[in-house]
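Just so you know, these numbers use all the heavy atoms, side chains as well, and skip hydrogens, waters and symmetry mates.
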Amino acid sequence: PHSDSPTMHAIRTAQKPVALFLLSKMDKYHFGGPKVNDDKQSVIHIACENGDPELIKEVVDRCAMSEKALHAVDKNGMTPL
């Protein structure tokens, strides 16, 4: 979707080096919300859809402090995990 953040877009389009770089530059503040796109998907939803274990681990590790992020529901009622 057009509302994907650059990090979401990199993960969705399997640009793993770019995604890992962008994730490394984000602090935990960025995941507190979590930020979502027009489909109400967070970066965790997109990483899980991508299916790359390293990306999923990096995103989950960075989001671990936020139960809200791990249990966020998208527009279809799906949680990331």
- Message: I need the minimum non-hydrogen distance between His9 and Asp4, along with the two atoms involved.
- Response: N-CB, 4.1 Å

- Query: With a 4.5 Å heavy-atom cut-off, do Pro6 and Leu22 have their side chains touching?
  - Reply: yes

- Query: Taking Ser3 for the side chain and Asn37 for the main chain, is one N or O donor matched with an acceptor at less than 3.5 Å?
  - Reply: no

- Task: Would you name the heavy atoms of Ala10 and Val18 that are closest together and state the gap between them?
- Result: CB-CG1, 3.9 Å

- Query: Which atoms form the tightest heavy-atom contact between Pro80 and Ala72, and what is the distance?
  - Reply: CD-O, 3.2 Å

- Nearest atoms (heavy-atom pairs only) where Ile46 meets Arg12: CD1-NH2, 3.2 Å

- Item | Closest non-hydrogen atom pair between Ala19 and Leu55, with its separation | CB-CD2, 3.8 Å

- Message: Looking at Asp74 and Lys40, is any side-chain nitrogen of the basic one under 4.0 Å from a carboxylate oxygen of the acidic one?
- Response: no

- Item | Side-chain donor or acceptor of Asp39 paired with backbone N/O of Gln41 under 3.5 Å | no

- Go through Ser24 and Leu20 one step at a time and tell me if the side chain to side chain contact (heavy atoms under 4.5 Å, CB included) criterion holds. CA-CA 6 Å; Ser24 76; Leu20 291 172; over 6 Å; no

- Would you confirm whether His45, through its side chain, and Met78, through its main-chain N or O, come within 3.5 Å as a donor-acceptor pair? yes

- Task: Search all heavy atoms of Asn50 against all heavy atoms of Ile11 and return the closest pair with its distance.
- Result: ND2-O, 2.8 Å

